[in-house]
Amino acid sequence: MEQSRYLSAVDTYSNTMYRIACSYCRCHADAEDIVQSAFEKLLRTKTDFQDEEHLKKWLMRVTANEARNLSGSFWKKHMVSWDNTETGQTYEFPDPVHSDLYEAVLKLPLKYRMVVHLYYYEDYPVREIAEIMHLRETTVQTRLMRARKKLKEMLKGDWQDE
């Protein structure tokens with residue numbers, strides 16, 4: 001890959017890839033490592049990308065695979081955190097309701113968390129999420145429906161208290 005196209009891809013897609021990695025692992029340091037590994041693979045790949053959309057989907061798929069590999073690694077399974085928190089940072093939203101909702105999304109199982117993140121935070125349509133995650137569209141729709149139901153149950157008590 002030529003240097004100018006590589007640098008353009010880093011500038012264009014690094015934030016999206018970072019958010020995807022964070023939604024997988026919930027740890028900012030790990031997310032940075034995942035993004036770096038994905039860009040390293042891009043630098044070494046011999047793939048001839050048809051267009052920018054093909055490149056973007058390839059990067060998102062590699063990011064998801066790297067995150068999955070890290071979460072399944074021996075090191076990650078047997079690591080003990082210095083403190084009780086998973087992340088050193090949090091996202092800040094202007095409205096506390098959005099912050100509470102995002103925290104609830106992070107508590108979802110990975111298969112639901114990923115589709116919710118791509119659909120609501122990255123604005124991908126169901127068809128593209130299915131392509132990225134190598135799932136059927138109906139599977140993505142079902143996961144979104146189940147995730148909404150789980151979020152409703154998680155947040156129900158919070159909303160009734162107000």
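- Taking 4.5 Å as the limit, every side-chain heavy atom of M114 sits out of range of all side-chain heavy atoms of I129.
- Contacts of N65 classified as side-chain hydrogen bond (donor to acceptor under 3.5 Å, both in side chains), with partners at least two apart in sequence or in another chain: R61, R68.
- For the side-chain hydrogen bond (donor to acceptor under 3.5 Å, both in side chains) test, residues two or more places apart in sequence or in another chain that qualify with Y124 are K56.
- The side-chain hydrogen bond (donor to acceptor under 3.5 Å, both in side chains) search around T45 returns T47, not counting sequence neighbours.
- Remark: the backbone N or O of I20 is paired with a side-chain donor or acceptor of S23 at under 3.5 angstrom.
- With sequence neighbours excluded, no residue forms a ring pair (Phe, Tyr, Trp, His ring centres under 6.0 Å) with Y13.
- By the side chain to side chain contact (heavy atoms under 4.5 Å, CB included) test, A38 pairs with M17, V62, T63, sequence neighbours left out.
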Using residues 136-151 as the side-chain source, report each donor-acceptor pair under 3.5 Å to any protein atom, sequence neighbours left out, with the distance given to one decimal.
residue : atom : partner : partner atom : Å
T142    : OG1  : T138    : O            : 2.8
R148    : NE   : Y120    : OH           : 2.7
R148    : NH2  : Y120    : OH           : 3.2

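- Under the rule for a side chain to side chain contact (heavy atoms under 4.5 Å, CB included), the partners of E2 that lie at least two apart in sequence or sit in another chain are S4, R5.
- Between M154 and L108 there is a side-chain heavy-atom pair separated by less than 4.5 Å.
- For Y112, the OH atom sits in a packed shell: over 12 heavy atoms of surrounding residues, nucleotides or ligands are nearer than 6.0 Å.
- When every heavy atom of L155 is checked against every heavy atom of A104, the shortest pair comes out as CD2-CB, 3.9 Å.
- Not one N or O on the side chain of R113 forms a donor-acceptor pair closer than 3.5 Å with the backbone of V105.
- The closest side-chain heavy-atom distance from S14 to F39 is below 4.5 Å.
- Within 6.0 Å of CD on E52 lie more than 12 heavy atoms contributed by other residues, nucleotides or ligands.
- By the salt bridge (charged side-chain N to carboxylate O under 4.0 Å, His left out) test, E40 pairs with R44, sequence neighbours left out.
- The side chain to side chain contact (heavy atoms under 4.5 Å, CB included) test applied to D11 returns no partner, not counting sequence neighbours.
- Side-chain contact between L55 and Q50: absent, with no pair of heavy atoms (C-beta onward) separated by less than 4.5 Å.
- For the pair L42/F49, a side-chain contact is recorded, criterion being any heavy-atom separation below 4.5 Å from C-beta on.
- Considering only residues two or more places apart in sequence or on other chains, K111 meets the salt bridge (charged side-chain N to carboxylate O under 4.0 Å, His left out) condition with none of them.
- Pairs of residues two or more places apart, or lying in two chains, that qualify as salt bridge (Lys or Arg N to Asp or Glu O under 4.0 Å) and include a residue from residues 121-132 are R19-E122, K57-E131, R127-E131.
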